[in-house]
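Below: one structure, written as structure tokens.
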There are 2 protein chains.
Amino acid sequence: MDDFDLEQFLPFRLNRAAEFIALRFAAAYKAEYGLTRPEWRTLAALGSSGRMTATEVGVHSTMHKTKVSRAVFALEERRWLKRTQHEDDRRVEHLELTAAGIKAYQELTRLARAYSAELEKLLGSDGLQALSSGLTAVENAMVKRRR
Amino acid sequence: MDDFDLEQFLPFRLNRAAEFIALRFAAAYKAEYGLTRPEWRTLAALGSSGRMTATEVGVHSTMHKTKVSRAVFALEERRWLKRTQHEDDRRVEHLELTAAGIKAYQELTRLARAYSAELEKLLGSDGLQALSSGLTAVENAMVKRRR
DNA sequence: AATTGACAGTTACGTTTGTAACCATATCGA
DNA sequence: TCGATATGGTTACAAACGTAACTGTCAATT
């Protein structure tokens, strides 16, 4: 009917691939821990980088303030995270994982690593390599076009 | 603190890239036509393949029934799409774009093509090539793991 | 000191989503 | 021919989301 093909359109393909790849992993932390994606990301950010502010978490994991805010609240309720006030600037709060949070983080990163290995098998190392360098190109473009 | 890095984790990278790439295009059809993504996808599917059922649209564009259902409703309200009943099976309805729908489809595919060109410049043809073959690998994996 | 503007984080509100239940119709098997 | 089961599509409900407005605090300017 026309020569446009949704199947070939990069935004569509990228979206579909991301949904497929990310959802399979999300299912794990959702089913086993009842975590949302923003919560998992916040946990991962704090777990790997240690103490951070909410804004820093947002930058690190590319999430909007409100998502971070809600995720922090949820993790705090679960006692996986505690806040402490910055002394010099009372607007800022430092976020840090509790012992329980660190434990959860470690279990989840174990899952994440297992999933990475599974992905390598699923995509083949060539496929993985191509995808990774394609993503790097996108990431470079993102920096350039940072709004 | 640990050797896991969210920044390196493929599901995260893929998600972020997809958000970036798709959102930039989505902004266009959202701002100019007030379309949602499911609506755009449905329009694109029907525009390029002609008459289809709702289920077929869902398969073609990997969307859940409910998304398709709502998108069809919205497009119908806008008079961009009309339904006709299948004679042999009254559960099924065939979907088809109206003249206005086809016109919108054509304008949007023009936008889509322009965006594709812009992406090539943004990512470089090497980056684009890599991304595309990486996505192909994911797509092959999706077929294998079709749930 | 008072005013202004910027910034960290939260909250309210309307929209979009996913899950599951649902209706209507069709098909299969006894 | 009847009952069970499957299928196409819709709807109800709760959860998640984005936008924008908000609170509280800080810094700069006067």
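Convention: sequence-line order gives letters A, B, ...; per-chain numbering from 1.
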(request) Could you tell me whether the phosphate oxygens of D:dC26, OP1 or OP2, come under 4.0 Å of any side-chain nitrogen or oxygen in A:Arg90? (result) yes

(request) May I ask you to verify whether the side chain of B:Arg91 and the base of D:dT7 hold a donor-acceptor pair under 3.5 Å? (result) yes

(message) How many whole angstroms separate atom CG of B:Leu75 from atom C1' of D:dT10?
(response) 16 Å

(request) Report the nucleotide, chosen from C:dT25, C:dA8, C:dT10, that has the shortest atom-to-atom distance to any side-chain atom of B:Asp89. (result) C:dT25

(request) Looking only at non-hydrogen atoms, find the nearest pair between B:Gln106 and B:Thr109 and report the distance. (result) O-OG1, 2.9 Å

(request) Could you tell me which non-hydrogen atom of B:Leu97 sits nearest to which non-hydrogen atom of B:Lys82, and how far apart they are? (result) O-NZ, 4.1 Å

(request) Verify the contact: side-chain N or O of A:Ser69 to OP1 or OP2 of C:dA8, cut-off strictly under 4.0 Å; return yes or no. (result) no

(request) Starting at atom CD of B:Glu93, determine the distance to atom C1' of C:dA26, rounded to an integer number of angstrom. (result) 16 Å

(request) Starting at atom CG of A:Leu95, determine the distance to atom P of C:dA8, rounded to an integer number of angstrom. (result) 13 Å

(message) Please report the distance, rounded to the nearest Å, between CG in B:Leu23 and C1' in C:dT16.
(response) 14 Å

(request) Indicate the atoms forming the closest heavy-atom contact of A:Thr98 with A:Arg79, along with that distance. (result) OG1-O, 2.7 Å

Could you go over nucleotides 16-23 of chain D and give all protein N or O partners under 3.5 Å, atom names and distances?
{"residue": "D:dG18", "atom": "N7", "partner": "A:Arg70", "partner atom": "NH2", "Å": "3.2"}
{"residue": "D:dG18", "atom": "O6", "partner": "A:Arg70", "partner atom": "NH2", "Å": "3.3"}

(request) Please check if any side-chain donor atom of A:Glu107 sits under 3.5 Å from a side-chain acceptor atom of A:Tyr33, or the reverse. (result) yes

(request) Using whole Å, report how far CG of B:Asp88 lies from P of C:dA24. (result) 21 Å

(message) From CE of A:Met52 over to P of C:dA8, roughly how many Å is that when rounded to an integer?
(response) 13 Å

(request) Step through it carefully: locate the ring centre of B:Phe25, locate the ring centre of B:Trp40, and say whether they are under 6.0 Å apart. (result) yes

(message) If you define the side chain from C-beta out and look only at heavy atoms, does anything of B:Tyr105 sit under 4.5 Å from A:Phe4?
(response) yes

(request) Would you kindly give the CD-to-C1' distance between A:Glu76 and C:dG9, to the nearest whole Å? (result) 13 Å

(request) Send over the distance from B:Gln85 CD to C:dT25 P, rounded to a whole Å. (result) 9 Å

(message) Quick test of your reading of the model: are B:Arg13 and A:Glu139 salt-bridged, counting only N-O distances below 4.0 Å?
(response) yes

